[in-house]
There are 2 protein chains.
Amino acid sequence: MTNTEPRRRNRRGEGGKLREEIIEAALALLDEGGDERAVTLRSVARKVGIAAPSIYPHFADQPSIMLAVVQGEMAKLATVLHEAAQNAEQDGRSQLFAVCNAYLDFAREHPQRYRIMFGGLWTPSVEDTSITDADLESLGVDAFTLLAGVLGKCVEEGIAHRSDDLYGDSVALWLGLHGLAHQRAVVRKMPGPDDVGDRLITALAHLK
Amino acid sequence: MTNTEPRRRNRRGEGGKLREEIIEAALALLDEGGDERAVTLRSVARKVGIAAPSIYPHFADQPSIMLAVVQGEMAKLATVLHEAAQNAEQDGRSQLFAVCNAYLDFAREHPQRYRIMFGGLWTPSVEDTSITDADLESLGVDAFTLLAGVLGKCVEEGIAHRSDDLYGDSVALWLGLHGLAHQRAVVRKMPGPDDVGDRLITALAHLK
DNA sequence: GACATAAGCTAACGCCCGTAAGTTGACGAG
DNA sequence: CTCGTCAACTTACGGGCGTTAGCTTATGTC
């Protein structure tokens, strides 16, 4: 599990590579089934094959690593959703279901990652961490914007009932998806029928 | 913060009282704004005013304390929902909104508790904890049953569209509520309009 | 008042953690 | 070839944690 190789030092100017390796190590620790508590400076260092203090030049503290992880995963999620929209039939309904199901699939395939992306960066007080509120607020905007766009397309096509507040409806739709995704990520066996996802989407998108 | 009083020993046969005090201390630690990591055997002991090893006669380990906390809070939640249903007008629609809003209020008033009730007991492997799957599966059934009952009443009264699967619809409704409640509990400032809750309820209950 | 025992305490072990301070060694410029 | 410096290392300190083993003391009974 832990690398025993002495690890080849990076070339000059390539010190930044280690930053990527640290993030990947943190991801690996999560995927191995641990929760965020399994990601400590020391465990990450062990995984990468470096000494713990060698992390400092790249990250101020453990929350910073987590933030980087989450930012990376949010980008991946946005990409996945985008691809889903493009690969689907180009009508609103197909795209909506494609995007929503891609979202749910992402969460199902990486439960630990998902838990951290939405809620794992929570900290008692803002003071004792290097993460700012701005960091947190900018998370996930891309993915959400895409979702809202697809929902808007449905309204334009007349598939979904028009409402006075597309943004609010998009939030509601996302909250529904999130509820399901999070619950799946947190519970070993999810109760309820298999098509809960479709029901949520249909109801929250106000599909006709 | 920490009790300095030497704490009067419990009477003979009343040793069980300490169990309740431990649970209350854990709750207090949570409410003070810490996350579940703040609830350690030692911190709980400090809060109660006892020595750490004195916990062992009452709880096998930290997860056991958390389980007891969650069970207690689930009971409270069920009570709150029940009261909401009784105090509301006795028609389905009023009761539905009363129960759902009571749920959301509970989560808003006790974010830390809510986070632990739904997801905080997650552990990497079942092996290294004294919590069983049965413990987890029985959590929250009362509250859910109540919700499903009220939704059923709406269907009977013809307020909500009849579907072939009341249970599935109830799960979907709860998932929506949970998505909102959880997100509020995890984020400092929740985006979206103020009436997202009502939108979720209306859409997921299929109100006419 | 003696005494059995429930209720809780003290002390100590080993582990893992974050982090500070100083050190080594390879690379690349001059 | 020399030498600065970047990348990473070693060592070490202090602190919190869970847990074990054995001790103290109040309480209620006889």
> To the nearest Å, how far apart are R42(A) CZ and dG14(D) P?
15 Å
> Both P53(A) and A51(B) contact DNA chain C. Taking the nearest nucleotide for each, which residue is further toward the 5' end?
A51(B)
> Which whole-number value in Å describes the distance from Q62(A) CD to dC16(C) C1'?
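About 14 Å, once rounded to whole Å.
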> Measure from the side chain of L41(A), starting at C-beta and using heavy atoms only, and say which of dG18(C), dG18(D), dT19(D) lies closest.
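Out of dG18(C), dG18(D), dT19(D), the nucleotide with an atom closest to L41(A)'s side chain is dG18(C).
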> Tell me the interatomic distance from H58(A), atom NE2, to dC6(D), atom P, rounded to whole angstroms.
13 Å
> Round to a whole Å and report the spacing from CZ of F59(A) to C1' of dG18(C).
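After rounding, the gap between these two atoms is 17 Å.
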> Would you mind reading off the distance between I55(B) atom CD1 and dT19(D) atom C1', rounded to a whole angstrom?
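For the pair I55(B) CD1 and dT19(D) C1', the rounded distance is 12 Å.
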> Quick one: R19(B) CZ to dA7(C) P, roughly how many Å, whole number?
15 Å
> Taking the six-membered ring for Trp, are Y103(B) and Y114(B) parallel (under 30°), tilted (30 to 60°) or perpendicular (over 60°)?
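Rings of Y103(B) and Y114(B): perpendicular, as their planes differ by over 60°.
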> Using atom CD of E36(B) as one end and atom P of dC17(D) as the other, report the distance to the nearest whole Å.
15 Å
> Please check the phosphate of dC9(C) (OP1 and OP2 only) for any side-chain N or O of S54(B) closer than 4.0 Å.
yes
> Between F118(A) and H178(A) (judged by ring centroids, cut-off 6.0 Å), do the two rings come close enough to count as a pair?
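Here the rings of H178(A) and F118(A) have centres that are less than 6.0 Å from each other.
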> My understanding is that only one of D135(B), D61(B), L67(B) makes a side chain to side chain contact (heavy atoms under 4.5 Å, CB included) with S130(B); could you say which?
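It is D61(B); the other options fail the test.
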> Taking 4.0 Å as the cut-off, does a side-chain nitrogen or oxygen of R46(B) come that near to OP1 or OP2 on dC17(D)?
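Yes.
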> From the options dC9(D), dT19(C), dG18(C), select the nucleotide whose nearest atom is closest to the side chain of I50(A).
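Closest of the options to the side chain of I50(A): dC9(D).
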> Are I55(B) and I65(B) side-chain neighbours, meaning at least one heavy-atom pair lies under 4.5 Å?
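Contact flag for I55(B)/I65(B) side chains = yes.
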> Distance check needed: dG18(C) C1' versus I22(A) CD1, whole Å only.
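To the nearest whole Å, that distance equals 15 Å.
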